[in-house]
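Here the structure is laid out as structure tokens; the discussion comes afterwards.
Below, read A as the first sequence line, B as the second, and so on, with proteins coming before strands; counting in each chain starts at 1.
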Protein chains: 2
Amino acid sequence: MSIQYAILGLLSWKPLSGYDIKKIISESDLYPWSGNNNQIYRSLVEIHAEGLVSQEVLLQETLPARKVYTITQKGLTALRAWVQSTPELPELHNTFLIQLAWADQLSGAEMDAMISKYAEEVDIQLRMLLEKGQRPSNTPARTRREAFLWEKISQNLVSTYQNELDWVRKLQTELKEKGH
Amino acid sequence: MSIQYAILGLLSWKPLSGYDIKKIISESDLYPWSGNNNQIYRSLVEIHAEGLVSQEVLLQETLPARKVYTITQKGLTALRAWVQSTPELPELHNTFLIQLAWADQLSGAEMDAMISKYAEEVDIQLRMLLEKGQRPSNTPARTRREAFLWEKISQNLVSTYQNELDWVRKLQTELKEKGH
DNA sequence: CCTTTCATGTAACCTGTTACATGATTGG
DNA sequence: CCAATCATGTAACAGGTTACATGAAAGG
């Protein structure tokens with residue numbers, strides 16, 4: 001997929017500036033991009049050139065000018081088509097599994113240490129996600145159904161980390177029990 | 001992380017050619033790379049230049065020559081250090097969630113169709129993983145502990161897709177029940 | 001006083017992908 | 001006869017990251 005659709009999606013919610021989009025993408029756990037300027041400002045120029053969004057320059061007295069983008073009818077249609085296009089499988093990028101694959105070289109204590117470190121990190125991430133879920137700020141809820149979908153998206157992220165945490169805890173206890 | 005450590009890991013198992021490594025990486029679900037030539041042959045040249053592996057050219061009568069790489073003591077030490085280095089969190093790249101985020105534009109039937117398509121794909125992937133798990137071929141098992149670790153890695157992948165499937169099935173039934 | 005926020009944008013770089021190039025052998 | 005397997009490698013491109021550049025205002 002392309003980040004352009006992610007941006008188009010955000011603009012289908014409400015008009016936003018590049019700066020706004022950057023903040024949302026870099027703070028959210030849903031988007032797999034860092035939210036760097038280069039990508040976002042370029043993408044906006046591109047989707048503007050394609051007529052998927054319109055641009056409005058808001059001059060401000062003291063602060064720098066804001067370029068606010070609004071989705072067009074053409075943009076809405078393009079987004080709709082993309083949303084219905086064949087979904088991709090989630091891509092799993094778990095470096096820890098590759099580290100674990102070659103961990104037999106380590107002593108029991110060393111292995112325990114590396115696994116504990118990972119468990120700790122996953123645990124922290126899970127707590128952060130649950131905390132964020134408490135205060136639904138940046139999520140659109142124009143209909144009851146949309147609110148429901150966003151709740152489900154949040155639950156997906158939580159359950160993914162919860163599943164990972166369960167797996168790693170079980171790994172820890174099994175290693176201790178069996179005294180491998 | 002870098003693919004170089006993934007390659008070093010494989011070579012800590014047994015000596016392999018670039019061609020072998022390419023096959024393993026492109027066929028396995030553990031590695032998040034496509035296994036394209038460019039990356040692999042370049043990486044091998046690099047880790048060879050760093051003295052992490054040694055190279056042996058095996059001339060074959062009819063077939064093209066094989067360049068077989070063997071890990072060195074320096075390579076084993078570097079791998080060991082990497083395995084113990086601070087683990088990263090798993091990176092979640094799930095495009096479907098972003099599609100779902102803007103799916104409120106769709107009719108009930110259209111949304112049902114897109115979700116079903118996703119559920120179907122995840123289901124197929126899960127079945128394929130379970131099938132692969134039945135025949136443990138390409139996994140090292142030099143000690144009981146190593147066999148255990150690889151079993152756990154396989155279980156991690158399975159549980160991730162199983163968790164995703166459970167989530168999407170629940171999404172389907174909840175949408176039907178509530179008649180959103 | 002220093003850091004953060006606002007707000008846009010560019011340059012240089014790194015990583016990864018697809019596609020191309022070569023060429024013999026084996027299997028359906 | 002055509003496709004796949006073996007086996008290495010390169011060129012062109014796409015996607016993404018970090019770091020740089022500017023410059024005012026607000027907050028601790």
Side-chain angles (χ1 to χ4, degrees), chain A residues 1-8 10-11 15-28 30-50 53 55-69 88-89 91-93 95 98 137-138, chain B residues 1-8 10-11 15-28 30-50 53 55-69 88-89 91-93 95 98 137-138:
Chain A
M1 93 168 275
S2 149
I3 195 177
Q4 298 184 11
Y5 287 109
I7 292 174
L8 215 51
L10 287 169
L11 294 174
L16 295 165
S17 68
Y19 188 81
D20 297 330
I21 293 167
K22 177 196 171 76
K23 275 190 84 176
I24 294 171
I25 289 183
S26 52
E27 281 165 24
S28 164
L30 177 60
Y31 304 101
W33 302 280
S34 71
N36 71 82
N37 294 350
N38 206 331
Q39 217 177 3
I40 288 166
Y41 288 109
R42 276 176 174 285
S43 297
L44 284 169
V45 168
E46 281 162 25
I47 60 178
H48 185 226
E50 287 172 48
V53 296
Q55 191 197 56
E56 196 185 355
V57 182
L58 297 183
L59 295 169
Q60 298 173 116
E61 277 176 36
T62 55
L63 292 169
R66 277 169 62 85
K67 293 192 179 168
V68 174
Y69 294 88
E88 294 164 31
L89 281 173
E91 280 173 52
L92 310 183
H93 286 216
T95 300
I98 305 176
S137 49
N138 248 348
Chain B
M1 95 170 273
S2 149
I3 195 177
Q4 298 185 8
Y5 287 110
I7 292 174
L8 215 50
L10 288 169
L11 294 175
L16 295 164
S17 69
Y19 188 80
D20 297 330
I21 292 167
K22 177 195 171 77
K23 276 190 84 175
I24 294 171
I25 288 183
S26 52
E27 280 165 25
S28 164
L30 177 62
Y31 303 101
W33 302 279
S34 71
N36 71 82
N37 295 350
N38 206 330
Q39 218 177 3
I40 287 166
Y41 289 108
R42 276 176 173 285
S43 297
L44 284 169
V45 168
E46 281 161 26
I47 60 178
H48 185 227
E50 287 172 47
V53 296
Q55 193 197 55
E56 197 185 354
V57 182
L58 297 183
L59 295 169
Q60 298 172 117
E61 276 178 38
T62 57
L63 291 168
R66 277 168 63 85
K67 293 191 179 168
V68 175
Y69 294 88
E88 294 164 31
L89 281 173
E91 280 173 51
L92 310 183
H93 286 217
T95 302
I98 304 176
S137 49
N138 248 347

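- Scored by the side-chain hydrogen bond (donor to acceptor under 3.5 Å, both in side chains) test, B:S26 finds no partners at all (sequence neighbours excluded).
- Across all their heavy atoms, B:S17 and B:R66 have their closest contact at OG-NH1, 3.6 Å.
- Counting to the nearest Å, the C1' atom of C:dC14 and the CD1 atom of B:I3 are 14 Å from each other.
- A straight line from CH2 of A:W33 to P of D:dA14 spans 18 Å, rounded to a whole angstrom.
- Scanning for side-chain contact (heavy atoms from CB on, under 4.5 Å) contacts around B:Q55 gives B:H48, B:V57, B:K67, B:Y69, with sequence neighbours left out.
- Taking atom CD1 of residue A:I25 and atom C1' of nucleotide D:dG16, one finds them 13 Å apart after rounding to whole Å.
- In this structure, B:E27 atom CD and D:dA4 atom C1' are separated by 13 Å, rounded to whole Å.
- Applying the side-chain contact (heavy atoms from CB on, under 4.5 Å) rule to B:I47 yields the partners B:Q4, B:I7, B:L8, B:L11, B:L44, B:L52, B:V53; only residues at least two apart in sequence or on another chain are considered.
- In this structure, the NE2 atom of A:H93 is 12 Å from the P atom of D:dT17, given to the nearest Å.
- The CD-P distance, from A:E46 to D:dA14, rounds to 11 Å in whole Å.
- At the phosphate of C:dG16, neither OP1 nor OP2 sits under 4.0 Å from any side-chain N or O atom of B:S34.
- The CG atom of A:L89 sits 14.5 Å away from the NE2 atom of B:H93 when rounded to the nearest 0.5 Å.
- Using five terminal pairs a side, the axes of the helix from C:dC1-D:dG28 to C:dG28-D:dC1 at its two ends make an angle of 40°, given in steps of 10 degrees.
- Scanning for side-chain contact (heavy atoms from CB on, under 4.5 Å) contacts around B:Y31 gives A:I98, A:W102, B:A6, B:L10, B:I24, B:I25, B:S28, B:W33, B:W150, with sequence neighbours left out.
- Note that CD of A:E88 is 4.0 Å distant from OG1 of B:T95, once rounded to the nearest 0.5 Å.
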What one-letter contact string describes nucleotides 5-10 of chain C from 5' to 3', where B marks a base within less than 4.0 Å of any protein heavy atom, S marks contact via sugar-phosphate atoms alone, and - marks no contact? SBBBBB

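- Rounded to the nearest 0.5 Å, atoms CG (A:N36) and CZ (A:R42) are 10.5 Å apart.
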